[in-house]
Structure formats: C-alpha cells, structure tokens
Amino acid sequence: MSDYQIPEPEPKEIDERLAVELGQMAQNNVLRGHPSGDERCEGCRYYLDPSQDLSYCWHPKLRILVGANWWCQWWEPIPQDQA
Ligand code: SF4
C-alpha cells in the first residue's frame with residue numbers, strides 16, 4: 001500500500017485572479033443575486049433566453065451567465081415588439 005494521499009482541492013492562482021476580476025465587474029455594474037423590486041434579469045432585454053433559470057447576458061458591460069432572479073444597474077425592459 002502506498003502512503004500517497006490525494007491532496008485536497010484548493011483554489012489556484014487563476015481562480016484568485018478571476019475571483020478578483022469578477023468581483024470588481026460585479027461591483028462596477030451593481031450586479032446583485034436578487035431582484036430589485038419588479039426588475040430582474042428574466043424580464044430584461046439583455047437576458048438571452050427567458051425560458052431558462054440561467055442564461056447569457058449580452059449587455060456589453062457584462063457578457064456573462066446570470067440568473068433569472070439577478071439584477072444589475074443596466075436593466076432595461078424587453079421592448080414591446082419583442083415580448
Ligand atoms: S443587463 Fe443586468 S439586469 Fe439585464 S440581464 Fe444583464 S445582468 Fe441582468
């Protein structure tokens with residue numbers, strides 16, 4: 001029997017860098033993991049697929065996956081001709 005033990009997983013340098021970058025991005029865009037009143041990603045024109053709980057936000061300041069119940073300062077209603 002070997003004494004080798006599988007090391008516990010731990011964040012790498014890239015994870016620490018991405019955590020800082022994404023945290024700053026969230027702060028700069030006032031991105032929140034909850035709605036703001038009636039405003040939520042699901043009802044925002046930049047939320048790509050409102051049928052999904054998680055979808056791509058195509059706002060140029062974000063371009064990340066977001067949750068249907070999240071919100072940010074760039075929220076805009078879906079134009080009536082697209083609803
Ligand atoms: S712009 Fe903001 S509110 Fe709209 S989908 Fe993207 S993260 Fe959500």
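Note that the coordinates shown come from a computational prediction; the quantities given were computed from them, not determined experimentally. We count ligands from 1, going down the list as the structure has it; atoms in each ligand are counted the same way.
- Note on Cys41: counted as a metal contact of atom 8 (Fe) of ligand 1, an N/O/S atom lying under 2.8 Å.
- Proximity to Tyr46 (heavy-atom distance under 4.0 Å) selects the following atoms of ligand 1: 1 (S).
- Between Cys72 and Val30 the shortest side-chain heavy-atom distance does not fall below 4.5 Å.
- Contact annotation: Cys44 places an N, O or S atom under 2.8 Å from atom 4 (Fe) of ligand 1.
- Qualifying ring-ring contact (aromatic ring centres under 6.0 Å, His included) partners for Tyr46, counting only residues two or more places apart in sequence or in other chains: Trp58, His59.
- Scanning the protein for heavy atoms near atom 6 (Fe) of ligand 1, the closest one is Cys57 SG, 2.3 Å.
- Looking only at atom types and distance, the side chain of Trp71 has a donor-acceptor partner in the side chain of Glu39 under 3.5 Å away.
- Proximity to Trp75 (heavy-atom distance under 4.0 Å) selects the following atoms of ligand 1: 3 (S).
- Formation of a donor-acceptor pair under 3.5 Å by the Asn29 side chain with backbone atoms of Leu31 is not found in this model.
- Placement of Trp75 and Tyr47 in two distinct hydrophobic clusters is found when ILVMFWY residues are connected by side-chain heavy-atom separations under 4.5 Å, directly or transitively.
- Protein heavy atom closest to atom 2 (Fe) of ligand 1, with residue, atom name and distance, is Cys72 SG, 2.3 Å.
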